[in-house]
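One structure is given below, encoded as structure tokens.
All values below come from the heavy atoms of this structure, side chains included, with hydrogens, waters and symmetry mates left out. All of these numbers come straight from a predicted model, not from anything done at the bench. When a residue number appears, it is its place in the shown sequence, counting from 1.
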Amino acid sequence: MQSTRSTRLLSLARRIVHSRTAAQSARESTGSGAERPRGAESTSGSEQTTHFGFQTVRESEKEQKVHEVFEQVANSYDMMNDAMSLGIHRVWKDVFVERLGPTHGMRLLDMAGGTGDISFRYLRYLANQPNPQQRGSHVTVSDINQHMLDVGEERARRLGLTTDRLANCTVAWQCADAEKLPFRDESFSAYTIAFGIRNCTHVDKVLAEAYRVLQPGGRFMCLEFSHLTNETMQWLYDQYSFQVIPPMGQLLAGQWQAYQYLVESIRRFPKQEQFKRMIEQAGFEQVSYENLTFGVVSIHSGFKL
């Protein structure tokens with residue numbers, strides 16, 4: 001028994017050292033990956049490559065790898081969000097929906113909506129607003145991973161947030177790829193994506209599709225992990241991210257590698273100003289961002305005018 005425990009502790013220690021080394025080498029070689037938003041590289045005569053965390057993989061492989069990560073973590077996703085952020089993710093999402101300011105008559109596409117956190121807040125927000133004209137609203141919760149949607153639908157049933165139990169509001173669940181949406185042009189008045197866009201292979205295609213499906217005057221909003229503005233705080237955040245979160249994922253969810261990837265994917269995502277430029281390049285106007293918790297996450301906003 002003692003030998004088995006020692007072996008497990010040694011294995012855990014090796015993983016911590018490995019993740020520390022990987023984080024350090026990646027920051028030294030790529031500067032946290034912030035200057036390569038799509039992660040696209042090419043090799044002579046071969047398929048385009050992209051990043052999967054700190055790994056370089058073929059573009060055709062990334063979608064499957066991301067799918068596997070979220071397949072693994074779907075059932076423990078909400079519990080781990082609470083543990084990793086000490087519950088602060090709930091405040092971030094509350095602020096995000098408040099900034100959206102849902103109104104009756106809105107048609108929302110909640111992309112990467114998975115377990116329903118943003119959509120449920122949207123529905124509750126509307127339920128607390130007067131609706132004397134009885135205007136109908138709608139939300140389509142969409143995700144590339146059906147298992148995440150299954151978890152979300154079950155939560156919606158438990159919470160009573162289904163079309164048959166809501167007044168003047170309909171809810172649909174649709175498995176879809178954010179880079180190739182199955183929806184008609186100009187079919188939504190708002191588009192949200194929370195903690196999902198960094199997992200996509202081609203962020204520019206995601207933004208282009210968001211622009212396409214929005215009506216004129218429609219609003220794009222993205223909540224995503226970002227980069228702290230203070231170097232000391234960023235260093236402390238890095239230590240927590242790489243030394244605590246993967247072991248926590250192993251202990252609470254039995255998933256070390258999945259949470260190692262999630263931490264690495266955050267570091268590879270563009271900094272706030274660069275992502276703002278990408279949103280503008282997709283055609284959005286009045287683009288802005290708001291840092292929360294010193295830049296741990298940012299809310300990005302733009303309008304199709």
Side-chain angles (χ1 to χ4, degrees), residues 36-40 48 50-52 58-67 69-70 96-97 99-100 102 106-119 122 137-146 148-149 152 170-226 265 268-270 272 274-289 298-305:
R36 288 189 285 183
R38 283 170 284 174
Q48 288 273 59
T50 187
H51 62 79
F52 176 75
R58 292 193 299 273
E59 286 188 349
S60 59
E61 294 178 325
K62 180 171 181 176
E63 181 177 317
Q64 180 59 33
K65 285 181 173 291
V66 171
H67 184 277
V69 165
F70 286 94
F96 182 63
V97 173
R99 296 295 186 266
L100 174 64
M106 179 178 283
R107 288 184 55 83
L108 171 67
L109 173 58
D110 181 23
M111 198 61 221
T115 58
D117 272 4
I118 300 304
S119 294
Y122 164 81
S137 304
H138 174 79
V139 58
T140 293
V141 190
S142 188
D143 200 290
I144 198 171
N145 190 297
Q146 183 62 50
M148 293 285 283
L149 289 170
T170 56
V171 184
W173 300 80
Q174 173 75 54
C175 189
D177 183 346
E179 297 182 16
K180 298 171 289 192
L181 294 176
F183 309 113
R184 298 190 309 274
D185 294 358
E186 302 182 358
S187 50
F188 295 95
S189 53
Y191 176 115
T192 56
I193 183 166
F195 304 123
I197 200 166
R198 74 180 189 281
N199 298 307
C200 300
T201 304
H202 303 101
V203 174
D204 57 341
K205 291 183 180 180
V206 176
L207 294 171
E209 280 291 270
Y211 189 87
R212 179 184 67 80
V213 301
L214 278 172
Q215 301 165 355
R219 188 176 189 185
F220 166 84
M221 289 192 67
C222 174
L223 176 65
E224 189 53 87
F225 287 107
S226 198
S265 68
R268 295 301 302 262
F269 194 69
Q272 292 90 321
Q274 185 177 359
F275 188 47
K276 177 185 176 183
R277 290 194 295 272
M278 293 176 68
I279 297 171
E280 291 171 336
Q281 288 166 3
F284 290 101
E285 298 184 42
Q286 297 182 14
V287 178
S288 62
Y289 64 85
S298 295
I299 297 173
H300 294 264
S301 172
F303 292 86
K304 179 178 178 177
L305 300 178

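- In this structure, OG on Ser189 lies 5.0 Å from CE on Met106, to the nearest 0.5 angstrom.
- Residue pairs meeting the side-chain hydrogen bond (donor to acceptor under 3.5 Å, both in side chains) criterion with at least one member in residues 209-222, sequence neighbours excluded: Asp185-Arg212, Glu209-Arg212, Arg219-Ser301.
- Side-chain N or O atoms of Gln272 include none that pairs as donor or acceptor with a backbone N or O of Ser298 at under 3.5 Å.
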Item to complete: Could you walk me through whether Phe188 and Arg107 pass side-chain contact (heavy atoms from CB on, under 4.5 Å), step by step?
Response: CA-CA 5 Å; Phe188 295 95; Arg107 288 184 55 83; 4.2 Å; yes
Worksheet entry | Candidate pair Phe269 and Phe275, rule ring pair (Phe, Tyr, Trp, His ring centres under 6.0 Å), full reasoning | CA-CA 9 Å; Phe269 194 69; Phe275 188 47; 5.0 Å; yes
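- The two atoms that bring Phe303 and Gly217 nearest to each other are CD2-O, 4.1 Å, heavy atoms only.
- For the side-chain contact (heavy atoms from CB on, under 4.5 Å) test with Thr192, the passing option among Asp110, Val139, Leu223 is Asp110; the others fail.
- Legend: residues meeting side-chain contact (heavy atoms from CB on, under 4.5 Å) with Ala208, ordered by chain and number and at least two apart, are absent.
- Judged by distance alone, the side chain of Thr170 and the main-chain N or O of His138 form no donor-acceptor pair under 3.5 Å.
- Using modelled atom types, no side-chain atom of Tyr191 and backbone atom of Cys222 make a donor-acceptor pair closer than 3.5 Å.
- Note that the CG atom of Leu207 and the CD atom of Glu179 stand 10.5 Å from one another [nearest 0.5 Å].
- Within the model, atoms OG of Ser187 and CG of Leu181 stand 8.5 Å from one another, a figure rounded to the nearest 0.5 Å.
- Using a 30° and 60° split on the angle between ring planes, Tyr289 and His300 fall in the tilted class, from 30° to 60°.
- When all heavy atoms are compared, the tightest approach of Lys304 to Leu214 is NZ-O, 2.7 Å.
- The two residues Ile197 and Glu224 come nearest to each other via the heavy atoms N-OE1, 3.5 Å.
- In this structure, CG in Asp143 is found 10.5 Å from CG in Asp177, a value given to the nearest 0.5 Å.
- To the nearest 0.5 Å, atom CD1 of residue Ile118 and atom CG of residue Leu100 are 9.5 Å apart.
- Taking CD of Gln146 as the reference point, atom CH2 of Trp173 lies at 10.5 Å (rounded to 0.5 Å).
- Among all heavy-atom pairs drawn from Glu280 and Val287, the shortest one is CG-CG2, 3.5 Å.
- Between Pro270 and Met278, the closest heavy-atom pair is CG-SD, 4.1 Å.
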Item to complete: May I have the step-by-step check of side-chain contact (heavy atoms from CB on, under 4.5 Å) for Ile193 and Phe220, ending in yes or no?
Response: CA-CA 8 Å; Ile193 183 166; Phe220 166 84; 4.2 Å; yes
